[in-house]
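Because only heavy atoms are used, hydrogens play no part in the values below, and waters and symmetry mates are left out as well, while side chains stay in. This structure is a prediction, so every number in the text was calculated from the model and none was measured.
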Amino acid sequence: MSIANRIAGLLALAALGAGSALAQTAPAPSPAPFPQGAKATINDKAIERLKAMGAHLRSLKAFTVTADVTTDLVLDSGQKIEAGQTVEMSARLPNMLLVSTQSPVRSRKIYYDGKNVTVYGEKLGYYGTFAAPDSIAATLEAAAKKYAIELPLADLFLFGTDKSNLGAITEALYTGPQRVGGVLCDNFAFRQPDVDWQVCIERGKNALPRKIVITSTDIAERPQRRSVLTWKAGTAPAASAFTFKPPKDAKRIAVKEVKA
């Protein structure tokens with residue numbers, strides 16, 4: 001599955017109810033307008049920058065990233081409304097991960113300590129645990145395939161690997177500079193079957209994704225999901241924080257494998 005299709009997956013968890021030629025510091029000139037109906041183009045520099053971002057992500061041994069996520073929900077009438085949540089992910093490579101998802105109505109945490117994954121619904125007071133492989137990448141794949149659990153921001157672990165499926169990209173453009181949270185970035189737009197997506201990549205040696213925008217083009221209303229990322233590269237909690245310790249009143253439930 002491609003990066004963009006995985007990014008466009010649900011952030012809610014079913015189990016509980018739910019460098020580069022452009023890496024410069026000087027401002028880049030605004031690109032010429034791309035005329036409607038123009039022939040699809042793959043800008044080699046855009047692909048190079050995407051690969052450089054992936055390589056930088058893979059070089060990080062520990063990090064904490066916070067994402068303000070806004071998702072378009074399409075009503076039966078066709079009207080789009082926005083729903084927001086905050087996702088915080090901390091990782092210690094290769095085998096520790098902690099993900100917290102907060103919204104006004106939901107609060108969930110996912111713990112992975114190298115042996116087990118626990119999904120905890122704080123507001124509901126339920127948690128489920130299943131045995132996991134010995135790496136983050138393998139655990140993300142097992143969670144998705146065996147339990148239909150898509151972890152938020154999981155695609156950050158796909159960039160720069162053979163699972164990124166860059167061959168699915170049919171169009172790649174550099175659209176110009178942007179500032180995201182005060183950080184100077186370059187924005188790139190990509191297209192592949194059923195989805196358009198953009199990523200703002202920080203300039204300089206810290207080639208981090210600062211904003212990701214996904215548009216589902218196979219839906220008439222073209223809903224979007226926008227994630228604005230704030231990074232603390234090299235920073236993550238102590239190892240003990242990645243092991244779930246159930247609160248006194250928490251109730252354990254089974255996490256069942258999905259049928260093929």
Under 3.5 Å side-chain donor-acceptor pair for T170 and Q192: no

N/O donor-acceptor pair under 3.5 Å between R226 side chain and D72 backbone: no

F242 side chain near P237 side chain, heavy-atom distance below 4.5 Å: yes

Pair D186, Y174: side-chain N/O donor-acceptor within cut-off below 3.5 Å: yes

T215: which of Q224, R191, Q198 passes side-chain hydrogen bond (donor to acceptor under 3.5 Å, both in side chains): Q224

Any side-chain donor near an acceptor of the partner, T243 and D113, under 3.5 Å: yes

L229 reachable from L60 in the ILVMFWY side-chain graph, under 4.5 Å edges: yes

Side-chain donor-acceptor pair present, E122, S107, cut-off under 3.5 Å: yes

Cluster link V119 to V255, ILVMFWY, side chain under 4.5 Å: yes

Any donor-acceptor N/O pair, N206 side chain to L208 backbone, under 3.5 Å: no

Side-chain touch L57/P209, heavy atoms, less than 4.5 angstrom: yes

Over all atoms of both residues, closest heavy-atom pair of I136 and A91: CD1-CB, 4.3 Å

Where G84 and P104 come nearest, the two heavy atoms and their spacing: O-CD, 4.2 Å

Joint cluster assignment, V258 & V117, ILVMFWY side-chain distance < 4.5 Å: no

Salt bridge flag under 4.0 Å for residues E141 and K163: yes

Evaluation steps, side chain to side chain contact (heavy atoms under 4.5 Å, CB included), between K109 and F244: CA-CA 9 Å; K109 290 186 176 180; F244 178 67; over 6 Å; no

Residue from V99, T66, V65, I212 passing side chain to side chain contact (heavy atoms under 4.5 Å, CB included) with L153: V65

Working for side chain to side chain contact (heavy atoms under 4.5 Å, CB included), residues T161 and R58: CA-CA 8 Å; T161 74; R58 300 286 65 80; 3.7 Å; yes

Note, L98 side chain near I110 side chain (heavy atom, < 4.5 Å): no

Close side-chain approach of K45 and I47, heavy atoms under 4.5 Å: no

ILVMFWY cluster, L156 and L166 together (side-chain gap under 4.5 Å): yes

Validation row, ring centre F130 to ring centre Y147 under 6.0 Å: yes

CE-CD distance between M53 and E48, expressed to the nearest 0.5 angstrom: 14.5 Å

R203 side chain near R49 side chain, heavy-atom distance below 4.5 Å: yes

Ring geometry between Y127 and Y120 (parallel below 30°, tilted from 30 to 60°, perpendicular above 60°): perpendicular

Intermediate values then yes/no, side chain to side chain contact (heavy atoms under 4.5 Å, CB included), V87 and D68: CA-CA 7 Å; V87 178; D68 290 323; over 6 Å; no

Min side-chain heavy-atom separation T64-E88 under 4.5 Å: yes

Step-by-step side chain to side chain donor-acceptor pair (under 3.5 Å) determination, R108 to T101: CA-CA 5 Å; R108 293 191 176 98; T101 304; over 6 Å; no

Chi angles and distances behind the side chain to side chain donor-acceptor pair (under 3.5 Å) call for T175, N187: CA-CA 6 Å; T175 68; N187 190 63; 2.8 Å; yes

L97-L93 co-clustered via ILVMFWY side chain contacts under 4.5 Å: yes

Closest non-hydrogen atom pair, K245 against S240: NZ-O, 3.1 Å

I214 vs V195, side chain to side chain contact (heavy atoms under 4.5 Å, CB included): CA-CA, chis, key distance, verdict: CA-CA 7 Å; I214 305 299; V195 64; 3.5 Å; yes

Check: D155 side chain, L158 main-chain N or O, donor-acceptor pair, under 3.5 Å: no

Contact summary for A239 and R92, nearest pair of heavy atoms: N-NE, 4.5 Å

Candidate pair E82 and T70, rule side chain to side chain donor-acceptor pair (under 3.5 Å), full reasoning: CA-CA 6 Å; E82 289 188 345; T70 303; 5.0 Å; no

Closest heavy-atom pair and its distance - C200, Q178: SG-OE1, 3.3 Å

Separation of D194 CG from D196 CG (nearest 0.5 Å): 10.0 Å

From K123 atom NZ to S103 atom OG, the distance as rounded to the nearest 0.5 Å: 7.5 Å

Interatomic spacing from CG in N43 to CZ in F190 - rounded to 0.5 Å: 8.5 Å

Sub-4.5 Å side-chain heavy-atom contact between W231 and V183: no

Minimum-distance pair of heavy atoms, taken over all atoms of R210 and V180: O-CG1, 3.5 Å

Side-chain heavy atoms of I201 within contact of F188, under 4.5 Å: yes

Whether over 12 other heavy atoms sit under 6.0 Å from K80 NZ: yes

Interatomic distance, T139 atom OG1 to I149 atom CD1 [nearest 0.5 angstrom]: 11.5 Å

Nearest-0.5 Å distance that lies between atom OH in Y111 and atom OG1 in T129: 11.0 Å

Check: Q85 main-chain N/O paired with R106 side-chain donor or acceptor under 3.5 Å: no

